[in-house]
S.K.: 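Would you mind keeping the following structure in view while I ask a few things?
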Amino acid sequence: MSRSPFVLNVSDLLGRDAPPRREVVEAAVDWGVTLISVKPDPPMHAELTLHHVSGGIAVTGRVDFVTDESCSRCLTPTTTNRSVTLVALFDRHGDDDESYPLAGNDIDVEQMLRDEVLLSLPIMHTCGDDCPGVVNSTESDLNTEPSGDEGDVRSPFSVLKDLLEPED
């Protein structure tokens, strides 16, 4: 059985005066939330530095990944290169919300990376500030087709326009 790329042996760092050690973690992951997900190809690439601290291991570094997302206004698919800086603590207790568990001489960085990557994703992704979205009345994409209306659909007061126009 092959060892997970996320499990790192830190026995050399648990002693006194251990110098920091660099690690590279590359793995294809299938993580995501509504309308946005991390692409498995190319694999996620994390460059980590492991530091000995009193009672555990501190992990610092950066993770690079590519996401597939859909615009929340017009649903146009896009791909984005992303990068996240991370800092985390692994300790023997690992039972609080501020650290991850240190099990024996190994740390499993998968949950830490998942947390940092997913928390860095935008809640509402748009393809650009100039994205007009989709018109509900004609269900047309305003990025490619004219809507055929004067923009009344976007106004919450459009239903009141007939009250102010004189009858013939």
S.K.: Could you report the tightest heavy-atom contact between A46 and L113, atom names first, then the distance?
M.R.: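 Looking at all heavy atoms of both residues, the shortest contact is CB-CD2, 4.1 Å.
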
S.K.: Do the non-hydrogen side-chain atoms of M112 and V59 ever get within less than 4.5 Å of each other?
M.R.: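 The answer is yes, as the side chains (C-beta and beyond) meet within the 4.5 Å cut-off.
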
S.K.: Do V38 and V33 share a hydrophobic cluster (ILVMFWY, side-chain heavy atoms under 4.5 Å, transitive)?
M.R.: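 Yes; tracing contacts between hydrophobic side chains, which count when under 4.5 Å, links both residues.
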
S.K.: Could you tell me which non-hydrogen atom of F90 sits nearest to which non-hydrogen atom of D108, and how far apart they are?
M.R.: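 Closest approach of F90 to D108, heavy atoms only: CE2-O, 3.5 Å.
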
S.K.: Would you indicate whether the side-chain heavy atoms of P122 and I36 approach each other to under 4.5 Å?
M.R.: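 I36 vs P122: side chains touch.
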
S.K.: Return the CG to OG distance between L118 and S120, rounded to the nearest 0.5 Å.
M.R.: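 Result: 7.5 Å between the selected atoms.
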
S.K.: Consider only side-chain N and O atoms of E110 and S4, and report whether a donor and an acceptor are under 3.5 Å apart.
M.R.: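 Short answer, no.
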
S.K.: Does V117 share a hydrophobic cluster with L89, counting links as ILVMFWY side-chain heavy atoms below 4.5 Å and allowing steps through other members?
M.R.: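 The answer is no; the residues belong to distinct hydrophobic clusters.
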
S.K.: With heavy-atom distances below 4.5 Å as the criterion, would you say the side chains of L102 and L14 are in contact?
M.R.: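 Contact flag for L102/L14 side chains = yes.
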
S.K.: So, the side chain of H52 versus the backbone of L13: is there a donor-acceptor pair under 3.5 Å, distance only?
M.R.: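 Flag set: sc H52 to bb L13 pair under 3.5 Å.
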
S.K.: Quick check for you: to the nearest 0.5 Å, what is the distance between D68 atom CG and T78 atom OG1?
M.R.: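 Output value for this atom pair is 8.0 Å.
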
S.K.: Are L86 and T60 packed together at the side-chain level, in the sense that at least one heavy-atom pair is separated by less than 4.5 angstrom?
M.R.: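 Contact flag for L86/T60 side chains = no.
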
S.K.: Rounded to the nearest 0.5 Å, how far does CD of E47 lie from OG of S83?
M.R.: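 Output value for this atom pair is 9.5 Å.
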
S.K.: Rounded to the nearest 0.5 Å, what separation is found between the CE atom of M44 and the CD atom of E26?
M.R.: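 Here the interatomic distance stands at 9.0 Å.
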
S.K.: Would you say W31 ends up clustered with V7 if hydrophobic residues are merged whenever their side chains have heavy atoms under 4.5 Å apart, either directly or through other cluster members?
M.R.: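 In one cluster with V7: W31, no.
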
S.K.: Can you tell me how far CG of D106 sits from CZ of F6, rounded to the nearest 0.5 angstrom?
M.R.: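 The distance works out to 15.0 Å.
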
S.K.: When you compare the side chain of L50 with that of V10, does any pair of heavy atoms fall below 4.5 Å?
M.R.: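 Sidechains of L50 and V10: in contact.
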
S.K.: Would you say that T67 contacts L121 through its side chain, given a criterion of any heavy-atom pair below 4.5 Å between the two side chains?
M.R.: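 Yes, their side chains come closer than 4.5 Å.
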
S.K.: Supply the atom-to-atom distance L8 CG to I107 CD1, rounded to the nearest 0.5 angstrom.
M.R.: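 Rounded to the nearest 0.5 Å, the CG-CD1 separation comes to 5.0 Å.
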
S.K.: Got a sec, which residues hit salt bridge (charged side-chain N to carboxylate O under 4.0 Å, His left out) with R62, two or more places apart in sequence or on another chain?
M.R.: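 Salt bridge (charged side-chain N to carboxylate O under 4.0 Å, His left out) list for R62, sorted by chain: D64.
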
S.K.: Can T126 and R73 be counted as having a side-chain donor-acceptor contact under 3.5 angstrom?
M.R.: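 Result is no, nothing qualifies.
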
S.K.: Which atoms form the tightest heavy-atom contact between A18 and D12, and what is the distance?
M.R.: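 Looking at all heavy atoms of both residues, the shortest contact is CB-O, 3.5 Å.
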
S.K.: Restricting to non-hydrogen atoms, name the atom on T79 and the atom on E69 that form the minimum distance, rounded to 0.1 Å.
M.R.: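 Taking T79 first and E69 second, the nearest heavy atoms are C-OE2, 4.0 Å.
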
S.K.: Please report the shortest heavy-atom distance between A27 and P5, naming the atom on each side.
M.R.: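 Smallest heavy-atom distance, with atoms named: CB-CG, 4.0 Å.
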
S.K.: Looking at every heavy atom in both T49 and P20, which two are closest together, and how far apart are they?
M.R.: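 Looking at all heavy atoms of both residues, the shortest contact is CG2-CB, 4.0 Å.
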
S.K.: Applying side-chain contact (heavy atoms from CB on, under 4.5 Å), run through V66 and D41 and close with a yes or a no.
M.R.: CA-CA 8 Å; V66 179; D41 188 33; over 6 Å; no

S.K.: Taking side chain as C-beta onward, heavy atoms only, is H45 less than 4.5 Å from F65?
M.R.: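 The answer is no; the side chains never approach within 4.5 Å.
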
